[in-house]
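Single-structure report; data block below.
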Amino acid sequence: MHNISTTVIQIPTLSPSIQDLPTELQSFPRVRLAHLPTPLCELKGLSKSLQGPRILMKCDDLTGFADGGNKVRKLEFLVGQAVSEGSDSIITCGGPQSNHCRQTAAAAARCGLACHLLISGEETENSHIANLLLDSIFGATLHWIGNRNREEEMENVATKVRHSGGKPYIIPAGGSNSTGTLGYCAAFIELWNQLQDANIKVDHIIFPTASGGTQAGLALGASLKNFKGKITGISIDQSPDKEQEYKFCAHLAKISNEASQFLGVTKRFSESDFSISYDYLGAGYGVVGSLEQEAIQLFGNYGLLLDPVYTARTFGALIQLIQKGAFLPEEVVLFWHTGGTTGLHAYPFKTLIKTNL
Ligand SMILES: *Cc1c(COP(=O)(O)O)cnc(C)c1O
C-alpha cells in the first residue's frame with residue numbers, strides 16, 4: 001500500500017565506537033550497555049503524507065538495552081561512576097511507569113549492583129504491568145512512597161543501606177544531573193558523525209523534554225560541534241507557568257555548565273540558550289488525547305511505534321507544527337525518538353486507539 005517509508009541511512013554496528021567521543025569524554029568512567037550508534041532513518045512516506053519537509057528520525061527507541069530508550073545513554077556514565085566509586089547499590093525514583101526506573105534496574109542488574117526504586121503513588125492490584133513488571137524481572141526492590149518527597153525518601157533508603165554496611169549511589173529522577181548529561185552530549189556527537197557521513201544538514205531537532213538531561217546534553221554536544229540548527233524540546237510534564245519555566249531553564253543551564261566544566265570547555269550556558277514549547281501538554285502527564293492517538297496510529301500505519309507519554313505527544317506536536325507552516329519546504333527536521341514503547345502495554349486498547357467498539 002505504501003511506498004517504502006523508512007530508509008536506513010547508516011547501518012548500525014553492534015560494537016560501540018568509543019573513538020567517536022571527544023577525548024575529554026573518553027576519560028569518564030562508563031559502562032557499555034547500549035548498542036550504539038542507533039540508526040538514523042528518513043521518514044519519507046510520512047513526510048509525503050503530511051506534505052511536510054524532509055523528516056529524519058534518530059532511533060533511540062533502538063538503544064537495544066532492556067527494551068530501549070534514552071535513559072541508558074545517561075546510565076552508562078552514571079552507573080560507570082557508581083562502579084568506579086565502589087558502590088554496591090543504586091537508588092533512584094520515578095512514577096510507576098517510569099522508563100528511567102526500568103533501565104536503571106536493568107543497568108544495576110547487569111553490573112551486579114542492588115537496585116532500590118522509589119515509586120511515587122500507591123500500589124494497586126493492576127500496578128505490576130509494563131515498566132513496573134520489568135523492574136521486578138530485573139530484581140529491583142520497590143518502595144512505594146505515595147506523594148512523599150522523593151529526594152528525602154532516597155536519602156532515607158541510602159542511610160539504611162549504609163547502616164547495613166552497603167555503599168549506595170543515588171541517581172536523581174530521570175538521571176538528569178551533569179553526569180547523565182554527558183550521555184546526551186555523546187549522543188549528539190554520534191548524530192553529528194552520522195549526518196557528516198550522509199552529508200545532510202539538519203535545521204531543526206524536535207524531541208520530548210521532561211527531567212532535562214536529554215536537552216542539556218544535546219545543547220552541550222551541539223555547542224561542541226558548532227551546530228547551527230534549532231533544538232526544541234516539547235515539554236511533556238512542566239506546568240506552563242513563568243516561574244516554573246524559568247526554574248526548568250535554570251536547571252538546564254546549571255547541568256549543562258557543570259558538564260561542560262567536566263569537559264574543560266569554556267562555553268557557558270544561560271536560561272535563554274534553551275528552547276522549549278509548552279503548547280502540547282494536553283490534559284497532563286501521561287494522559288493520552290487525540291493528539292497522541294493520531295500520532296500513534298500514523299506511525300503504526302508505517303509499522304513503527306511511538307510511546308504513549310513522550311514520543312506520541314512530541315510527534316503529534318510536530319504534525320501540528322508542519323500544519324501551521326512552522327518549517328520551510330526545503331528545511332530538514334529531525335525527530336529524536338527517545339523510546340518508551342514499553343509504556344504502551346500499560347494502557348487499555350480504547351485509550352490508545354480511536355474505536356467505536
Ligand atoms: C525520560 C524520557 C524522556 C525525557 O527525557 P529527559 O532527559 O528526562 O528530559 C523522553 N522520552 C522518553 C521515552 C523518556 O523515558
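Note that ligands are numbered from 1 as they come in the structure, with each ligand's atoms numbered from 1 the same way. Numbering of residues begins at 1 and proceeds along the displayed sequence.
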Test: Glu152 and Arg148 ion pair at under 4.0 Å: no
Asp60 bridged to Arg73 by N-O distance under 4.0 Å: yes
Cation over ring, Lys230 on Phe207, under 6.0 Å and within 45°? no
What I want to find out is whether Arg54 reaches Glu331 closely enough, with some N-O distance under 4.0 Å, to be called a salt bridge. no
When you pair each N or O of ligand 1 with protein N or O atoms, which pairs come out under 3.5 Å?
| residue | atom | partner | partner atom | Å |
| --- | --- | --- | --- | --- |
| ligand 1 | 5 (O) | Asn70 | ND2 | 3.2 |
| ligand 1 | 5 (O) | Thr214 | OG1 | 3.3 |
| ligand 1 | 7 (O) | Lys74 | NZ | 2.6 |
| ligand 1 | 7 (O) | Gly213 | N | 3.4 |
| ligand 1 | 7 (O) | Thr214 | N | 2.9 |
| ligand 1 | 7 (O) | Thr214 | OG1 | 2.7 |
| ligand 1 | 8 (O) | Ser211 | N | 2.9 |
| ligand 1 | 8 (O) | Ser211 | OG | 2.5 |
| ligand 1 | 9 (O) | Ala210 | N | 2.8 |
| ligand 1 | 9 (O) | Ser211 | N | 3.1 |
| ligand 1 | 9 (O) | Gly212 | N | 2.9 |
| ligand 1 | 11 (N) | Thr338 | OG1 | 2.6 |
| ligand 1 | 15 (O) | Lys71 | NZ | 2.9 |
| ligand 1 | 15 (O) | Asn99 | ND2 | 2.9 |

Among side-chain atoms of Tyr278 and Glu245, is any donor-acceptor pair under 3.5 angstrom? no
Quick check, are the ring centers of Phe274 and Phe248 under 6.0 angstrom apart? no
